[in-house]
Engineer: 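Once you've had a glance at the structure underneath, I'll fire off some questions.
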Protein chains: 2
Amino acid sequence: MMATAEIFRALGDPIRLEMVQRLTKGGRCTITVLSEGLGVSRQGARKHLQVLADASLIALRPQGRDVLVSLDPEALLQARRFIAELERRWDARLEALKRLVEE
Amino acid sequence: MMATAEIFRALGDPIRLEMVQRLTKGGRCTITVLSEGLGVSRQGARKHLQVLADASLIALRPQGRDVLVSLDPEALLQARRFIAELERRWDARLEALKRLVEE
DNA sequence: TCAAAATGCAACTAGGAGGTTGCACATGAA
DNA sequence: TTCATGTGCAACCTCCTAGTTGCATTTTGA
């Protein structure tokens with residue numbers, strides 16, 4: 001799948017969105033901590049984390065008994081840029097239409 | 001589902017992403033035109049359009065025999081703002097960490 | 001008027017997503 | 001050592017998604 005679509009897809013779930021939000025607030029933490037209070041089992045949460053990792057939104061780094069989860073802001077940046085580019089093209093189109101009408 | 005997650009989810013598919021891109025380039029057009037060259041049937045494409053419409057990314061406006069598809073940039077704006085806010089919080093966290101180290 | 005075009009609706013299918021549970025395994029702490 | 005903790009792996013289930021096809025309906029244009 002197109003990399004950008006995969007990023008959006010990964011963000012397109014309330015649980016995963018919550019996980020990303022927690023990471024922007026609290027920085028890195030373990031899988032277990034990040035999985036608490038989401039309404040799903042640890043294994044369920046783990047699958048969501050894998051989706052985020054596959055989309056490069058997070059990094060999973062084993063450290064001893066734990067696995068540290070950390071945000072990778074690069075994917076967020078890519079998503080934001082993509083949307084900004086869409087908006088830019090849309091605005092340009094509207095401008096062109098406006099000029100056409102005024103002539 | 002959280003509205004923002006629904007927007008991301010709608011964008012999280014290569015076909016739907018392509019549709020949105022076409023709309024930012026070409027402005028409004030009919031369902032049939034927008035469904036061409038995507039590798040799926042018209043009905044398949046129609047379902048994708050419904051997903052985009054449910055997320056308020058596009059508007060479907062019947063006009064005579066046709067249905068005009070038009071982009072709703074408000075949902076794009078919402079998505080972009082959401083990501084920007086995540087980035088802002090992430091940066092703030094890094095800054096706080098940095099200050100902590102320097103003290 | 002009549003045919004073609006654009007669309008809607010419904011039924012059906014295959015596959016993947018999201019969820020669970022159970023168990024094994026490595027690691028850290030008492 | 002011993003036991004609790006944090007993870008991983010695998011099997012399984014259910015439901016939604018993405019896709020199809022067939023047919024009916026409305027509108028346009030010749």
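All chains are named by letter (A, B, ...) in the order of the sequence lines, taking the proteins before the strands, and each is independently numbered beginning at 1. Just so it is clear, the model here is predicted, and its values are computed rather than measured.
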Engineer: Please figure out whether R16(A) or T32(B) has its closest DNA chain C nucleotide nearer the 5' end.
Structural biologist: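 Its nearest nucleotide being more 5', the pick is T32(B).
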Engineer: Find the distance D66(B):CG to dT26(D):P and express it as a whole number of Å.
Structural biologist: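 After rounding, the gap between these two atoms is 16 Å.
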Engineer: Rounding to an integer number of Å, can you tell me how far R61(A) CZ sits from dG6(D) P?
Structural biologist: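 After rounding, the gap between these two atoms is 18 Å.
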Engineer: When you measure from the side chain of R9(A), which nucleotide among dG18(C), dT7(C), dT7(D) comes out closest?
Structural biologist: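 Comparing dG18(C), dT7(C), dT7(D) against the side chain of R9(A), the answer is dG18(C).
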Engineer: Which residue pairs pass the side chain to side chain donor-acceptor pair (under 3.5 Å) test when at least one of the two sits in residues 77-90 of chain B, sequence neighbours left out?
Structural biologist: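 Sorted pair list: T24(A)-R89(B), R80(A)-E87(B), E87(A)-R80(B), T4(B)-Q78(B), E85(B)-R88(B).
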Engineer: Using side-chain contact (heavy atoms from CB on, under 4.5 Å) as the criterion, list what pairs up with A96(A), not counting sequence neighbours.
Structural biologist: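 Once residues adjacent in sequence are excluded, the partners of A96(A) under the side-chain contact (heavy atoms from CB on, under 4.5 Å) criterion are R99(A).
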Engineer: Rounded to whole Å, please give me the gap between CD1 in I31(A) and P in dT5(D).
Structural biologist: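 Rounded to the whole Å, the gap is 17 Å.
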Engineer: At under 4.0 Å between heavy atoms, which parts of nucleotides 19-30 of chain C does protein reach? Answer with one letter per nucleotide, 5' to 3': B base, S sugar-phosphate only, - none.
Structural biologist: BBBB----BS--
Engineer: Please report, rounded to the nearest Å, how far the C1' atom of dA10(C) is from the CD atom of Q50(B).
Structural biologist: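 To the nearest whole Å, that distance equals 15 Å.
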Engineer: Scan for salt bridge (charged side-chain N to carboxylate O under 4.0 Å, His left out) pairs involving residues 26-53 of chain B, sequence neighbours excluded, and state none if there are none.
Structural biologist: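 For residues 26-53 of chain B, and leaving out neighbouring residues, there are no salt bridge (charged side-chain N to carboxylate O under 4.0 Å, His left out) pairs at all.
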Engineer: Could you work out, with side-chain hydrogen bond (donor to acceptor under 3.5 Å, both in side chains) as the rule, every residue matching D72(B), not counting sequence neighbours?
Structural biologist: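 Residues passing side-chain hydrogen bond (donor to acceptor under 3.5 Å, both in side chains) with D72(B): none at all.
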Engineer: Not counting sequence neighbours, which residues clear side-chain hydrogen bond (donor to acceptor under 3.5 Å, both in side chains) with D91(B)? List them please.
Structural biologist: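 Expected list: none.
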Engineer: Would you say dG8(D) has OP1 or OP2 under 4.0 Å from some side-chain N or O of R46(A)?
Structural biologist: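 Checking dG8(D) against R46(A), a side-chain N or O does come within under 4.0 Å of OP1 or OP2.
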Engineer: Output the rounded distance in Å from CG (D54(B)) to P (dA18(D)).
Structural biologist: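 These atoms are roughly 12 Å apart.
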